[in-house]
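Values in this document were obtained by computation on a predicted structure and should not be read as measured data. Just follow the structure's listing: the first ligand is 1, and inside any ligand the first atom is 1.
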Amino acid sequence: MELKIMSKPEIYVAIKDEIQSLLRRKNNAVLGLATGSSPIGVYDELIKAYKEGDIDFSNVTTFNLDEYVGISEDHNQSYHYFMNEHLFKHVNLVKSKTHVPSTNKDSEDYYQNYDQKIKDHGGIDFQILGIGSNGHIAFNEPGTSFDTLTHEVTLKESTIKDNSRFFNSISEVPTKAVSMGLKSIMNAKHIVIIITGSNKAEALKRLMSKEVTTDLPASILCKHPSVTIYADKEAASLL
Ligand code: F6R
């Protein structure tokens with residue numbers, strides 16, 4: 001794992017640059033995408049580069065890490081909605097080439113076929129990750145087996161409570177999600193993980209200790225041959 005410490009704006013440009021140079025080499029690359037606050041700045045930079053004519057997504061395929069179960073794609077808290085708002089609708093990605101895991105058996109993105117589907121596309125060339133303050137990646141919470149492929153997850157009571165601020169009432173908050181597993185993530189050829197803010201400092205410190213433990217799901221990344229950690233000063237404050 002390579003650790004790069006820079007400011008948030010520098011992180012976003014650096015990751016955009018990595019993607020841009022990948023697409024110059026391979027215009028039909030497969031990107032693994034995340035939601036949450038961490039990657040938004042990267043998506044903004046990608047949109048800017050697209051508008052300036054510096055990036056072409058027409059042959060690119062994307063696979064998102066996760067999605068809630070039980071809310072519609074157009075619900076404003078769904079990850080479909082998030083991706084549309086923050087990236088897809090602003091660039092020339094082809095809708096049929098953008099994938100988000102689903103529990104709908106009739107969907108071509110049905111979660112039990114998701115890893116095979118990724119494989120059929122030649123695997124993920126470039127995976128973007130964020131991290132939870134408890135070390136989760138995607139919806140893989142502490143305790144998740146390192147062998148997991150895309151699977152259905154029951155959300156913890158604490159996560160449901162945390163998420164309830166985005167919904168009208170707690171009863172509307174999804175209790176389940178589908179998520180790429182830790183093994184699915186490890187299959188990506190190159191991984192970048194964005195770790196910013198003082199609330200992530202402990203997680204980064206534990207990650208840099210290089211102890212591989214299911215208590216810190218992200219720690220499995222230590223075993224991956226090509227990972228870049230992009231951290232800001234605040235997240236790196238305990239190193
Ligand atoms: C998002 C995801 C999550 C987030 C993580 C950090 O698709 O899978 O694991 O990356 O919860 O979220 P933020 O970036 O909002 O701090």
Ignoring hydrogens and angles, state whether a donor on the side chain of [X] or [Y] is under 3.5 Å from an acceptor on the partner side chain.
| X | Y | value |
| --- | --- | --- |
| Ser102 | Asp109 | no |
| Gln112 | His151 | no |
| Ser58 | Asp56 | yes |

Which atoms of ligand 1 are found less than 4.0 Å from any heavy atom of [X]?
| X | answer |
| --- | --- |
| Gly130 | 10 (O) |
| Leu65 | 8 (O) |
| Asp66 | 1 (C), 2 (C), 7 (O), 8 (O) |

Margin query: Which label fits Phe82 and His86: parallel for a plane angle under 30°, tilted from 30 to 60°, or perpendicular past 60°?
Written below: tilted
Please state which protein non-hydrogen atom is closest to [atom] and give its distance, to 0.1 Å?
| atom | value |
| --- | --- |
| atom 13 (P) of ligand 1 | Ser37 OG, 3.4 Å |
| atom 14 (O) of ligand 1 | Ser38 OG, 2.5 Å |
| atom 1 (C) of ligand 1 | Thr35 OG1, 3.2 Å |
| atom 16 (O) of ligand 1 | Lys200 NZ, 2.8 Å |
| atom 11 (O) of ligand 1 | His136 NE2, 2.7 Å |

Note to self: If you measure every N or O of Ala138 against every N or O of ligand 1, does any of those distances drop under 3.5 Å?
What the structure shows: yes
Side-chain donor-acceptor distances from residues 29-53 under 3.5 Å, at least two apart:
residue: Tyr43; atom: OH; partner: Ala34; partner atom: N; Å: 3.2
residue: Tyr43; atom: OH; partner: Ala34; partner atom: O; Å: 2.6

Check: Counting heavy atoms not belonging to Lys233, are there more than 12 under 6.0 Å from its NZ?
Finding: no
Margin query: One residue to check: Ile131. Relative to ligand 1, which of side chain, backbone, both or neither has a non-hydrogen atom less than 4.0 Å away?
Written below: backbone
Check: Can we say Glu202 and Arg206 salt-bridge, meaning some charged N sits less than 4.0 Å from an Asp/Glu carboxylate O?
Finding: no
